[in-house]
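What follows is a single structure, written as structure tokens, with notes after it.
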Amino acid sequence: MESSFSYPELMSLVDDRKVAVAVSGGADSLLSMVLLKELGADVMAVHGCFLGTEKSKTAVAGLEVRCAELGIDLHVFDFTAEFNKMVIDPFVKDYFDGNTPNPCAQCNPQIKFGVLYDAVRKLGAEALSTGHYVRIADHAEYGRMIARGAEIGKDQSYFLSLVPKEKVLNAVFPLGNHSKSETYSELERRGLRIPLPTESQEICFVPDDNYRQFLMERNIKLPGPGNVVLSTGEKIGRHNGLWRYTHGQRKGLGIAWKEPLYVIEKDLERNLLVLGTKEELGASGCIADKVNFLVDFEKWPETVHIQTRYRQRSMPAKVRLDGENLVFEFVEKHSMPTPGQIVAAYTEDGAVLGGGIIRNAL
RNA sequence: UGGGGUGUCGCCAAGUUGGUAAGGCAACGGAUUUUGAUUCCGUCACUCGCAGGUUCAAGUCCUGCCAUCCCAG
């Protein structure tokens, strides 16, 4: 089916507003800022420090140079306390509770489109711009909404599904029509050095992409070892603490079997890690809480397309509202959703209807 | 210590009438990735319980020993 959107021109979205570009030091936000500036937008740059690391200082130093060259004011904020409280602490607690948190799901609404957004407003900016690969679209039926980025492999709308509607729909995303490789070539063409050239692709606050190490260094009493069992109850090994594993995980279980085994359940009460075959990993639905609507629920189609993990192909599911929660029933069995992860709901043609946090699979 | 079975990479497991060690799992490495995972690619037994023997050639045949399992006890 052909999409029922149109994509407004970037400058028509800016609409003469003063735009604050959130620059991290990476390629994406840098190009976003450059593009807006070149198009004549009234641009300022804002950078939030979340960690106070060396890397963060490198980013600021590099950004100061770039912004000076471009004639853009750079404002730097220290949000380490907020970041700790709103992202890192819940992250740790979630793991402790046996869930698999998605820190980006907290960071986008609470930090980038939270405290940073508020700070930007105080500076007089009317719109916030980021380097997310998503597009603002005008939908024939739903009006203005968020749609997937043009490059399907790089689309980041999943992460924005929990950002409040009034904030995200007012944002400006200059990269929605770009591909990642274009981003690099565009920067190169302009001879712009990227302050932090390596793409952030691990949890930004966890060194070496090792969340287990990170949690162990936190001085909290993490749940201890227990048995690994099959769904039949047969004991087949030991685990080192349920917080080390996540639903659907295959690697790192250390158990040799006739066929690959996946984590299908974490039984916190009995401290059991339950493994099963790919077959057994299937689920027929999930329940989500902490729901956010980008389109009023009354207007949602009965069957939506959902994504329960980043970079997963979306799949159709029937949806209904149960009190504060969303209940999804998959049209076909699907790999089990993981509690703590985002479930994002889309129209068939890729506009974001809303999202929530998966509480449990059905 | 009577009868029968089995012993091939960490685990499971193919190995035809002897011809020069499949595959799966795990592990490790890499690719992909703004979370955790998934997925993909690559690497993984000069050696077949041990010791002899027969053969041009033995994991595959013979002998002995060892280990282990089952049934009898």
Side-chain angles (χ1 to χ4, degrees), chain A residues 22 24-29 32 50-51 55 59 83 87-88 90-92 94-113 130-134 149 151-163 173 175 180-181 183 196 198-215 228 230 236-237 242-264 266 273 275-278 281-283 307-313 315 334-344 355 357-358 361:
Chain A
S24 64
D28 300 329
S29 50
S32 295
F50 306 142
L51 299 172
K55 199 173 160 187
F83 192 78
V87 179
I88 299 182
F91 172 83
V92 173
D94 238 13
Y95 265 116
F96 188 85
D97 289 343
N99 289 330
T100 303
N102 185 335
C104 304
Q106 300 301 316
C107 182
N108 282 309
Q110 311 267 25
I111 301 292
K112 288 178 192 147
F113 285 93
T130 70
H132 285 100
Y133 288 82
V134 301
E151 186 184 18
I152 193 69
K154 198 61 198 179
D155 165 51
Q156 292 170 324
S157 57
Y158 175 80
F159 292 109
L160 292 180
S161 62
L162 300 184
V163 178
F173 303 111
L175 302 189
K180 187 76 188 185
S181 58
T183 296
L196 293 177
T198 54
E199 187 169 6
S200 71
Q201 53 187 24
E202 66 282 349
I203 307 176
C204 66
F205 54 88
V206 172
D208 302 322
D209 202 12
N210 189 339
Y211 80 88
R212 296 173 180 92
Q213 186 67 34
F214 178 81
L215 290 172
V228 177
L230 293 172
I236 54 173
L242 292 179
W243 52 278
R244 293 171 174 275
Y245 309 90
T246 186
H247 287 77
Q249 179 174 338
R250 169 182 174 178
K251 289 287 174 184
L253 303 175
I255 290 173
W257 203 247
K258 297 179 184 65
E259 52 191 321
L261 293 175
Y262 300 82
V263 174
I264 59 174
K266 296 202 278 183
L273 185 67
L275 306 186
T277 61
K278 191 141 197 164
L281 192 58
Q307 226 177 292
T308 56
R309 328 176 117 78
Y310 181 50
R311 293 181 71 251
Q312 171 192 65
R313 276 181 59 186
M315 59 172 172
H334 197 80
S335 175
M336 182 178 291
T338 304
Q341 295 291 297
I342 299 172
V343 52
I357 300 289
I358 296 165

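Just so it is clear, the values below take in all heavy atoms, side chains as well, and ignore hydrogens, waters and symmetry mates. Computed from a predicted model, the values in this text were never measured in an experiment. Proteins get letters first, then strands, A, B, ... in listed order; numbering begins at 1 in each.
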(Q) Regarding A:P101, tell me which of base, sugar-phosphate or nothing describes its non-hydrogen contacts under 4.0 Å with the strands shown. (A) base
(Q) Can you check the distance between B:G36 and B:C44, where both ends of the measurement are the C1' atom (answer in whole Å)? (A) 28 Å
Q.
Is the phosphate of B:A37 approached by A:K278 (side-chain N or O, under 4.0 Å from OP1 or OP2)?
A. no
**Q.** For B:A13, the Watson-Crick or wobble partner whose two distances fall under 3.5 Å
**A.** none
Q: Examine distances only and state if a side-chain atom of A:Q110 and a backbone atom of A:V87 form a donor-acceptor pair shorter than 3.5 Å.
A: no
Q. What is the nucleic acid contact for A:I342, judged by heavy atoms within less than 4.0 Å: base, sugar-phosphate only, or nothing?
A. nothing
Q: Examine B:A26: is either OP1 or OP2 under 4.0 Å from a nitrogen or oxygen in the side chain of A:Y262? Give yes or no.
A: no
(Q) So A:R309, base contact, sugar-phosphate only, or nothing? Heavy-atom distance under 4.0 Å. (A) base
Q. Mind checking the C1' distance from B:C12 to B:U20? Whole angstroms is fine.
A. 25 Å
**Q.** Whether A:Y95 and A:Y211 hold their rings parallel, tilted or perpendicular, with breakpoints at 30° and 60°
**A.** parallel
Side-chain donor-acceptor contacts of residues 243-251 of chain A below 3.5 Å, not counting sequence neighbours, with atom names and distances?
residue: A:W243; atom: NE1; partner: A:P223; partner atom: O; Å: 3.0
residue: A:R244; atom: NE; partner: A:N240; partner atom: O; Å: 3.1
residue: A:Y245; atom: OH; partner: A:N240; partner atom: N; Å: 3.3
residue: A:T246; atom: OG1; partner: A:T100; partner atom: OG1; Å: 2.6
residue: A:Q249; atom: OE1; partner: A:T246; partner atom: N; Å: 3.0
residue: A:Q249; atom: NE2; partner: A:K251; partner atom: O; Å: 2.9

Q) Among B:U34, B:U32, B:G36, which is the nearest nucleotide to the side chain of A:R311? A) B:U32
Q: Classify the nucleic acid contact of A:F91 as base, sugar-phosphate or nothing, counting any heavy atom under 4.0 Å across all strands shown.
A: nothing
Q.
Using a heavy-atom cut-off of 4.0 Å across all strands, would you classify A:G252 as base, sugar-phosphate, or nothing?
A. sugar-phosphate
Q: Can you figure out which of B:G36, B:U35, B:A26 approaches the side chain of A:N102 most closely?
A: B:U35
Q | Paired nucleotide for B:U68 [Watson-Crick or G-U wobble; both distances under 3.5 Å] | A | B:G5
Q) Which one, B:U34, B:G36, B:C11, comes nearest to the side chain of A:Y310? A) B:U34
Q.
Test of understanding: with ring pair (Phe, Tyr, Trp, His ring centres under 6.0 Å), list the residues that count as partners of A:F113, not counting sequence neighbours.
A. none
(Q) Using OP1 and OP2 only, check whether a side-chain N or O of A:K154 sits under 4.0 Å from B:U34. (A) yes
Q.
Applying a 4.0 Å non-hydrogen cut-off, can you work out what A:Q341 is touching in the nucleic acid: base, sugar-phosphate, or nothing?
A. base
Q: Would you mind classifying the nucleic acid contact of A:R212 as base, sugar-phosphate or nothing, using non-hydrogen atoms under 4.0 angstrom?
A: sugar-phosphate
(Q) Under 4.0 Å, counting only non-hydrogen atoms across every strand here, what does A:Y245 touch: a base, just sugar-phosphate, or nothing? (A) nothing
**Q.** Which residue lies more 5' along RNA chain B, comparing A:W257 with A:C104 via nearest heavy atoms
**A.** A:W257
Q. Do the side chain of A:Q249 and the base of B:U38 come within less than 3.5 angstrom through a donor-acceptor pair of N or O atoms?
A. no
Q. Of all the nucleotides listed (B:C28, B:C12, B:U35), which has the minimum atom distance to the side chain of A:K258?
A. B:C12
Q.
Please give me the minimum heavy-atom distance between A:T183 and A:A27, naming the atom from each residue.
A. CG2-O, 4.0 Å
Q) Of all the nucleotides listed (B:U35, B:C11, B:U38), which has the minimum atom distance to the side chain of A:Y158? A) B:U35
Q: List the steps and the verdict of ring-ring contact (aromatic ring centres under 6.0 Å, His included) for A:F50 and A:F205.
A: CA-CA 8 Å; A:F50 306 142; A:F205 54 88; over 10 Å; no
